[in-house]
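Labels below follow one simple rule: chain letters A, B, ... track the order of the sequence lines, proteins then strands, and each chain is numbered from 1.
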Protein chains: 2
Amino acid sequence: MIGGTGALGFGLALRWTMAGVPILIGSRSEERAREAAGRLRERAGEAGADSIVVEGLQNDDAARRARTVVLAVPFRSQSENLNNLRYALEAGTVLVDATAPLAAAIGGRATRTVGVWQGSAAEQAREMAPRGVSVVSAFHTVSATVLADPSRKMDEDVLITGDDRKAKGQVAELVERIPGLRPVDCGDLEMARIVEQLTALLISVNKRYKVKHSGIRLTGLPADS
Amino acid sequence: MIGGTGALGFGLALRWTMAGVPILIGSRSEERAREAAGRLRERAGEAGADSIVVEGLQNDDAARRARTVVLAVPFRSQSENLNNLRYALEAGTVLVDATAPLAAAIGGRATRTVGVWQGSAAEQAREMAPRGVSVVSAFHTVSATVLADPSRKMDEDVLITGDDRKAKGQVAELVERIPGLRPVDCGDLEMARIVEQLTALLISVNKRYKVKHSGIRLTGLPADS
């Protein structure tokens with residue numbers, strides 16, 4: 001979990017820890033990563049998790065040891081992080097990009113986005129990732145606030161895009177480990193151009209309805225999906 | 001209903017007719033409009049509607065007489081239609097734009113979109129609409145196939161954007177006339193830049209899951225909305 005000290009990364013890590021998924025929290029500073037790992041263990045323990053496997057590491061150590069690496073950092077830091085990770089990400093790793101190119105990155109509104117030359121933050125990640133690393137885009141519509149509060153039940157979808165079906169399947173399995181979340185395959189990675197925008201849309205909806213946790217559920221899908 | 005002979009326009013008109021909302025079907029040709037109005041009466045009658053008020057007219061006559069004008073035409077024809085309507089739309093009219101700028105308009109894929117100079121098709125409509133006409137954007141995520149089949153129950157949201165709250169409220173009321181549809185205010189008209197993309201996203205999801213009717217429901221909103 002790169003950016004595991006941030007709100008989204010911490011929330012996801014918490015839910016996975018509670019589901020028994022081993023987590024490596026990464027941060028630029030090992031100390032902050034360890035501190036977050038400690039908090040995570042504590043929160044998951046309070047929430048009744050039993051087999052807790054959490055470790056705090058520097059980003060590159062965390063990335064080197066993980067089979068699935070989730071990048072949950074602000075857009076402003078995405079390319080710096082990817083640049084730093086280029087020797088740590090090994091072929092066969094699945095890189096899950098959760099970046100939303102909000103205009104907040106350049107001092108603009110969080111209800112607006114900026115254009116990314118490659119088409120989307122996910123496609124920027126694909127361009128920067130080492131050969132053999134599959135990029136999957138996900139988690140743009142899930143509220144960090146809700147994830148971080150285990151007393152809250154979730155009931156929404158995680159929209160997944162990517163060019164590699166096997167890698168998407170691996171991410172879908174991780175999504176299913178969190179009760180109440182359903183993975184939905186939205187197509188190739190280029191569709192992240194649309195999905196990434198939804199973070200801004202939900203922020204606008206949250207403002208309008210004075211809530212903090214709107215999400216998305218697709219209707220009309222086959223019941224078994 | 002401008003473009004009432006097309007799939008989305010006809011589907012919406014059918015559902016409203018069944019709910020007792022008087023409908024003026026507009027088309028470039030009065031003959032085609034009348035023919036569609038006839039079909040609409042028949043379909044609504046079969047589905048058990050009792051007070052059916054439907055008329056087929058040329059686009060500009062339909063627009064002149066309506067308080068709310070829904071523009072449901074392919075992106076390719078949007079600006080031509082708006083140009084033709086510029087003397088028919090009177091101040092105080094609410095213009096509901098349902099256009100999605102799919103790349104299909106220029107021979108590309110329906111899972112991709114083209115950039116609109118004004119930011120979105122809705123903002124193009126705002127620029128072209130006569131002074132005093134409020135533009136509201138809606139109905140991009142509702143399946144025309146489902147709308148046109150009264151035996152199918154709907155259970156999804158209509159994402160609405162616009163700068164004028166009163167106009168959005170007027171459209172929200174129309175949405176609520178269709179059972180199973182919930183209006184959600186997604187913010188100012190500029191947010192249509194995101195909502196319009198969702199048509200392409202849902203087309204991608206439909207392909208992936210081999211369905212024809214995926215839609216969107218937002219989660220986490222206050223129960224009374």
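- Other residues, nucleotides and ligands contribute only 12 or fewer heavy atoms inside 6.0 Å of the CZ atom of R165(A).
- Here the CD1-CD1 distance, from I194(B) to I194(A), works out to 11.0 Å after rounding to the nearest 0.5 Å.
- Contact count versus chain B (heavy atoms, under 4.5 Å) is highest, among L218(A), T161(A), V211(A), for L218(A).
- By number of non-hydrogen pairs under 4.5 angstrom with chain B, the leading residue of K212(A), M154(A), E190(A) is E190(A).
- Between D188(B) and T111(A) there is no side-chain heavy-atom pair separated by less than 4.5 Å.
- With a threshold of 4.5 angstrom between heavy atoms, R193(B) does not approach chain A through any atom at all.
- When R217(A), H213(A), R208(A) are compared by the number of non-hydrogen pairs under 4.5 Å with chain B, R208(A) comes out ahead.
- Judged purely by atom type and a 3.5 angstrom limit, S214(B) has no side-chain atom pairing as donor or acceptor with the backbone of G220(A).
- Only the side chain of R109(B) comes within contact range of chain A, with heavy atoms under 4.5 Å apart.
- How far SG of C186(A) is from NZ of K207(B): 13.0 Å, rounded to the nearest 0.5 Å.
- Among V146(A), L159(A), V205(A), the residue making the largest number of heavy-atom pairs under 4.5 Å with chain B is V205(A).
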Practice prompt. Could you walk me through whether I216(A) and T219(B) pass the side-chain contact (heavy atoms from CB on, under 4.5 Å) test, one step at a time?
Written response: CA-CA 6 Å; I216(A) 281 185; T219(B) 62; over 6 Å; no

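- Between Y209(B) and V184(A), the closest side-chain pair of non-hydrogen atoms falls below 4.5 Å.
- With a 4.5 Å cut-off on side-chain heavy atoms, M191(B) and Q197(A) do not count as touching.
- Proximity to chain A involves both the backbone and the side chain of D185(B), based on heavy atoms less than 4.5 angstrom apart.
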